[in-house]
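The structure appears right after this line, and notes come after that.
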Amino acid sequence: MNFERVVFGFFTILALTFNLVFVIGEIDNPSHHDVWILTIAILVNLIATGLKLGDRSQIGALLLAASLVADLLLISARIFWIVAESDSATGPTAESMATIVSLAAGALAANVVSAIILIGDALMSRR
Amino acid sequence: MVVLRHMRRPVFALIVVYAVGITGMALIPGTGVDGNPEKMSLFHAFYFFTYTATTTGFGEIPNAFSDEQRLWAIFCLYMGAIAWLYAIGSIIRLVQNPHFTTAVNEHSFARGVRRLTDPFVIICGFGDTGSLLARGLSDHSIRATVLDRDPERIKAFAVRDYRVRMLGLCAQPDVPRHLIDAGVRQPMCKAVVALTNEEDTNRQIAIVAKLLNPAVKVISRSTSERHCKHLSSLRDVQVVNPFAVFAELLDMAIVTPLQHNLNSWLVGVPGTRLGYPLTVPCGEWILCGYGRMGQELHRRLVCHGIHVVVIDPDVDECVAPGRVVRGFADHDTLREAGVEQAAGIVAGTDSDSDNLGILVCVQHLNTDAFTVVRQNRHENQLAFDAAKADLILQSSLTTARRILKTLISPLINELIDYLHGKDQPTKEIINRLQAAVGERTPHLFRIGITSEEALAVMEYLDTGMQLVLGDLFLDPGKLDEALPCVPLVIRRASGLVMLPGDTETVNRGDGILFCGTVGSERLLRATLNNPYTLHQLTTGVEEPRGYFFQWLDRKLSSRHGLS
């Protein structure tokens with residue numbers, strides 16, 4: 001067992017699961033989606049991205065790219081949330097909620113790609 | 001443009017007919033919606049004429065016609081329909097014109113060839129040998145452009161299923177224009193292979209190709225001594241004489257059976273098992289057929305002090321030393337030649353039915369004899385397989401294999417030459433190959449230590465460290481085992497290194513020929529480009545990936561250093 005692999009896999013999969021936790025629920029129902037979960041998801045994603053920096057292999061480059069896509073989409077979703085909240089007193093409307101969750105769902109796709117690459121790499125090395 | 005030139009008259013006829021019809025329709029008075037006399041507008045006249053001339057016929061539009069108009073409409077219909085038939089007929093005649101089709105095919109072929117960006121080979125002549133060579137190239141994902149003057153062969157070529165796209169044209173391959181169309185001047189053209197049935201055409205192709213592009217490699221098949229000599233005098237032209245190749249193979253089988261077995265296995269003679277060399281007996285031999293191939297074989301056999309009896313209908317006693325039996329090889333002549341006591345029989349006539357007949361005869365008369373048979377036509381393969389000869393020499397297959405190896409791994413011939421007469425190293429390499437590849441089909445591949453093919457290795461060498469060959473092909477999945485592949489030859493600036501050992505250092509610019517499995521090539525190439533796998537294989541330690549883990553690793557090791 002390799003300590004590095006454990007930490008790396010932990011953060012990659014944690015990023016994926018937090019993303020899923022936020023996305024799950026009705027797409028336009030604000031009570032199904034929590035802003036705290038979104039913020040934590042962004043934080044975990046950023047940590048996972050940081051761990052991927054500096055890897056010189058092909059797979060490392062692909063993992064970093066997928067992670068950057070997820071960051072970009074999640075941060076866009078968070079900014080959208082802030083803008084939507086400032087417009088109304090009661091929080092985001094159903095329409096803006098749908099956009100926010102769509103963006104997060106896009107990030108989820110990127111995180112799934114990350115996880116698949118990680119598993120594929122582990123299986124390829126057969127150790 | 002040639003289309004427009006041929007279409008000038010029909011187009012002119014159409015324009016005149018349209019003009020007459022439309023003008024007449026626009027001038028003839030008709031009746032409007034309200035019952036007042038009204039002439040048809042020019043646009044409506046054109047609309048009417050268009051659907052009438054093409055025999056579509058929507059009816060009387062926009063209003064019901066007057067009788068005058070109907071009279072003119074009849075005229076328009078016949079005139080327009082005839083003009084259109086004439087025009088369409090002209091187009092069809094043009095399309096069916098063989099010269100026109102040839103011009104279009106040449107044009108699209110040349111355009112396809114110009115767009116090729118991968119290395120390719122020009123094959124001139126798509127007979128048995130050409131098609132076997134194309135198949136072999138396709139198996140190695142190398143493209144080819146094919147020229148043959150027989151349209152049937154090009155049609156057969158077009159329906160073949162290749163792994164990579166191959167381009168074919170029905171054209172005289174020795175015409176310079178066609179060779180240029182096939183891409184002889186393109187930098188990606190690796191070689192021109194002349195395989196037509198005419199010796200003169202092959203020579204012409206070789207000379208023209210050399211003149212058009214002096215850098216291109218030319219390989220030509222030739223069976224006549226005169227042409228062989230002539231071609232060999234050209235620089236960088238390789239001549240493959242199937243009969244000489246046969247004789248060489250038989251020679252090798254007699255003198256160095258181990259090397260012959262290795263060679264057959266590597267160049268993919270079907271049914272060869274590694275490590276089971278033939279044992280060729282040295283008693284009296286019978287040679288049926290004393291043509292070009294028979295003479296080559298006779299010379300080689302006599303060289304080794306083997307007593308040879310020749311059976312041939314028109315051979316001179318004085319030409320062939322040794323005993324000669326005149327006549328076609330059959331039951332009687334074979335017995336006369338002493339088949340019951342013969343150690344080996346060569347059925348080497350240029351007729352497959354004769355050769356098969358000789359084999360059947362021999363199997364009746366002498367079951368122990370070593371049989372060598374010449375197969376002339378590739379399509380008779382199954383019959384020859386069933387005849388169970390000890391050695392089958394097939395002209396097209398041998399030639400195609402020889403050329404393919406020259407194109408793909410020229411080093412393999414050097415290796416076989418190097419092993420000539422060295423039984424101990426041959427046995428060792430055979431053992432290693434058996435352990436690595438076993439019963440699977442051998443896969444030859446070459447890797448270059450360059451930044452395109454082996455980025456991680458180049459980076460590793462840039463740090464000034466030494467890399468040994470043995471580390472390179474360790475299995476990244478198991479670490480203590482090697483991949484199923486064996487390095488055969490290293491080509492470097494200082495010369496060739498035959499059968500390099502595991503401790504041989506790897507340098508920049510080396511080209512290494514491996515023999516292994518397809519899967520081993522994939523894993524090896526992955527190692528060459530992945531710095532982490534390479535580091536782990538050379539040191540056994542997994543290097544931390546990414547800045548954070550590298551920093552953590554340094555922290556931990558310095559703390560260990562302090563305590």
Side-chain angles (χ1 to χ4, degrees), chain A residues 1-16 18 40-72 74-75 107 110-111 113-127, chain B residues 451-463 465 471 473-484 517-557 559-560:
Chain A
M1 200 175 73
N2 185 326
F3 171 69
E4 181 191 329
R5 289 289 169 107
V6 175
V7 175
F8 191 83
F10 173 78
F11 276 103
T12 307
I13 292 165
L14 193 67
L16 170 68
F18 260 105
I40 294 170
I42 292 174
L43 196 67
V44 175
N45 258 287
L46 285 175
I47 294 172
T49 313
L51 293 181
K52 287 167 189 170
L53 288 174
D55 188 329
R56 286 176 290 147
S57 62
Q58 289 273 349
I59 291 205
L62 211 55
L63 277 171
L64 181 62
S67 212
L68 286 174
V69 170
D71 288 343
L72 182 75
L74 283 175
I75 290 170
N111 271 324
V113 170
S114 268
I116 290 171
I117 296 171
L118 186 71
I119 294 165
D121 188 31
L123 291 180
M124 281 279 286
S125 63
R126 290 178 298 176
R127 278 196 296 273
Chain B
S451 38
E452 288 89 43
E453 276 188 74
L455 190 63
V457 176
M458 291 300 274
E459 276 177 11
Y460 187 90
L461 293 173
D462 281 342
T463 59
M465 281 187 282
D471 286 345
F473 62 98
L474 283 176
D475 189 342
K478 303 199 184 80
L479 287 186
D480 48 346
E481 274 181 45
L483 287 171
T517 55
V518 180
S520 70
E521 180 186 0
R522 212 173 47 235
L523 283 172
L524 181 60
R525 287 197 185 277
T527 305
L528 295 177
N529 285 302
N530 189 331
Y532 298 102
T533 320
L534 188 69
H535 187 268
Q536 191 171 14
L537 291 185
T538 48
T539 61
V541 183
E542 207 166 346
E543 198 186 358
R545 296 183 179 205
Y547 297 132
F548 172 76
F549 289 111
Q550 280 162 15
W551 170 81
L552 194 69
D553 193 55
R554 276 200 300 276
K555 275 270 164 194
L556 289 175
S557 55
R559 186 174 299 170
H560 275 294

Contact class of B:Gln550 relative to chain A, heavy atoms under 4.5 angstrom: side chain

Interface moiety of B:Leu552 toward chain A, non-hydrogen atoms closer than 4.5 Å: side chain

Non-hydrogen side-chain atoms of B:Glu542 and A:Arg5 separated by less than 4.5 Å: yes

Test item: B:Phe549 and A:Leu51 side chains (from C-beta on) under 4.5 Å apart, heavy atoms: yes

Engaged part of B:Pro531 at the chain A interface, taking heavy atoms whose separation is under 4.5 Å: side chain

Distance (rounded to the nearest 0.5 Å) between B:Glu543 CD and A:Ser57 OG: 10.5 Å

Region of B:Tyr532 that comes under 4.5 Å of a non-hydrogen atom in chain A: side chain

Residues, nucleotides or ligands: over 12 heavy atoms within 6.0 Å of B:Arg522 CZ: no

Value rounded to 0.5 Å, distance of CZ in A:Arg56 from CZ in B:Arg545: 10.0 Å

